[in-house]
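This report refers to the structure that appears directly beneath it.
Not measured: the values here are computed from a predicted model. Only this structure's heavy atoms are used, side chains among them; waters, hydrogens and symmetry mates stay out.
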Amino acid sequence: MLERIITQPDNYEPFLLSQGIRYGGLLFISGQAGADDGGRIVDGGFMAQGEQAFSNLRRVLEAGGSSLEDVVKVTIFVTDMDHFRDVVALRGRYFTAPYPADTIAEVKALYDPRAMIEIEAIAAVSVRSA
């Protein structure tokens with residue numbers, strides 16, 4: 001059975017998509033960008049957006065009974081691969097060994113022209129939360 005994961009505010013609702021879907025022991029998280037609770041991209045450049053994106057990712061994971069430690073696969077989209085080292089630094093700050101499988105891809109644009117990073121993930125549902 002599919003279970004929709006929602007946090008408040010739900011900036012995804014108008015776009016007819018879920019922040020996350022829990023299916024059995026897995027949690028599938030939609031792309032999380034560096035947007036604040038009002039849906040606005042945060043100021044401060046790439047690292048500020050990256051930290052906000054990871055914060056948003058953590059919030060949806062926890063709402064679904066998981067955590068950053070339970071992420072098994074992450075895909076990180078950036079609009080400029082010159083930020084590759086910044087992505088590695090963010091991964092080091094928010095993930096621990098064994099690190100999740102990862103894809104980092106440069107894309108032409110994200111949903112908002114100011115967005116520079118978006119992170120989607122697949123995570124195991126924590127045994128302690130199942």
Side-chain angles (χ1 to χ4, degrees):
M1 174 178 214
L2 298 176
E3 177 187 349
R4 183 174 180 205
I5 306 304
I6 302 170
T7 66
Q8 293 302 325
D10 184 359
N11 297 320
Y12 289 61
E13 183 67 30
F15 304 107
L16 306 177
L17 58 103
S18 298
Q19 293 178 32
I21 293 288
R22 182 174 174 170
Y23 182 75
L26 293 175
L27 191 56
F28 299 85
I29 306 298
S30 291
Q32 301 293 311
D36 63 19
D37 285 348
R40 294 172 301 275
I41 299 299
V42 298
D43 293 328
F46 185 85
M47 289 301 283
Q49 286 190 30
E51 289 172 5
Q52 183 67 52
F54 269 98
S55 177
N56 294 342
L57 177 62
R58 176 187 289 126
R59 181 174 52 183
V60 181
L61 286 165
E62 290 174 355
S66 193
S67 70
L68 288 169
E69 292 85 22
D70 298 312
V71 172
V72 295
K73 172 68 170 95
V74 64
T75 304
I76 302 173
F77 302 99
V78 296
T79 57
D80 185 344
M81 197 56 84
D82 285 344
H83 290 291
F84 181 81
R85 290 183 198 268
D86 295 329
V87 171
V88 173
L90 287 164
R91 284 177 40 80
R93 186 174 306 151
Y94 291 96
F95 292 128
T96 58
Y99 297 100
D102 188 329
T103 300
I104 300 171
E106 181 180 276
V107 296
K108 180 178 178 180
L110 295 166
Y111 74 100
D112 182 306
R114 294 167 295 153
M116 295 184 263
I117 184 171
E118 187 169 329
I119 307 166
E120 66 179 28
I122 300 170
V125 176
S126 301
V127 174
R128 59 195 172 275
S129 298

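- At least one side-chain heavy atom of E51 sits under 4.5 Å from a side-chain heavy atom of Y94.
- Atom CD1 of I119 sits about 10.0 Å away from atom CD1 of I104, to the nearest 0.5 Å.
- Among pairs with a residue in residues 69-88, those fulfilling ring pair (Phe, Tyr, Trp, His ring centres under 6.0 Å) read F46-H83, at least two apart in sequence or across chains.
- R40 pairs by the side chain to side chain contact (heavy atoms under 4.5 Å, CB included) definition with D36, not counting sequence neighbours.
- Looking only at side-chain heavy atoms (C-beta outward), R22 and V125 come within less than 4.5 Å of each other.
- Ion pairing of K73 with E120 is absent here, as no side-chain N (NZ or NE/NH1/NH2) approaches a carboxylate O to less than 4.0 Å.
- In this structure, V87 and V78 have side chains that are in contact, with non-hydrogen atoms separated by less than 4.5 Å.
- To the nearest 0.5 Å, the span separating CG on L90 from CD1 on I76 amounts to 7.5 Å.
- Of all heavy-atom pairs spanning A123 and S66, the tightest one is CB-OG, 3.4 Å.
- To the nearest 0.5 Å, the span separating CG on L61 from CD1 on I29 amounts to 4.5 Å.
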In a table with atom names and distances, give each donor-acceptor pair under 3.5 Å that connects a side chain of residues 109-118 to protein atoms at least two apart or in another chain.
residue	atom	partner	partner atom	Å
D112	OD1	R114	N	2.7
D112	OD1	R114	NE	3.2
D112	OD2	R114	NH2	2.8

Atom pairs and distances, donor-acceptor, side-chain atoms in residues 14-21, under 3.5 Å, two or more places apart:
residue	atom	partner	partner atom	Å
S18	OG	R4	NE	3.4
Q19	OE1	T7	N	3.2
Q19	OE1	T7	OG1	2.6
Q19	NE2	T7	O	3.2
Q19	NE2	T7	OG1	3.4
Q19	NE2	D10	OD1	2.9

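- For the side chain to side chain contact (heavy atoms under 4.5 Å, CB included) test, residues two or more places apart in sequence or in another chain that qualify with E62 are R58.
- Taking both residues in full, the closest heavy atoms of M81 and E106 are given as N-OE1, 2.6 Å, listed atom of the first, atom of the second, then distance.
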**Request:** Check the pair Q32, V60 against side-chain contact (heavy atoms from CB on, under 4.5 Å), reporting the backbone distance first and the verdict last.
**Result:** CA-CA 9 Å; Q32 301 293 311; V60 181; 3.9 Å; yes
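- No side-chain donor-acceptor contact under 3.5 Å links D37 to the backbone of P9.
- F95 is linked by a side chain to side chain contact (heavy atoms under 4.5 Å, CB included) to F54, L68, V71, V74, R91, Y99, P100, counting only residues two or more places apart in sequence or in another chain.
- When side chains are defined from C-beta on, I41 counts as touching Q49, because their heavy atoms get closer than 4.5 Å.
- In the hydrophobic cluster analysis, where Ile, Leu, Val, Met, Phe, Trp and Tyr join through side-chain heavy atoms closer than 4.5 angstrom, F28 is grouped together with L2.
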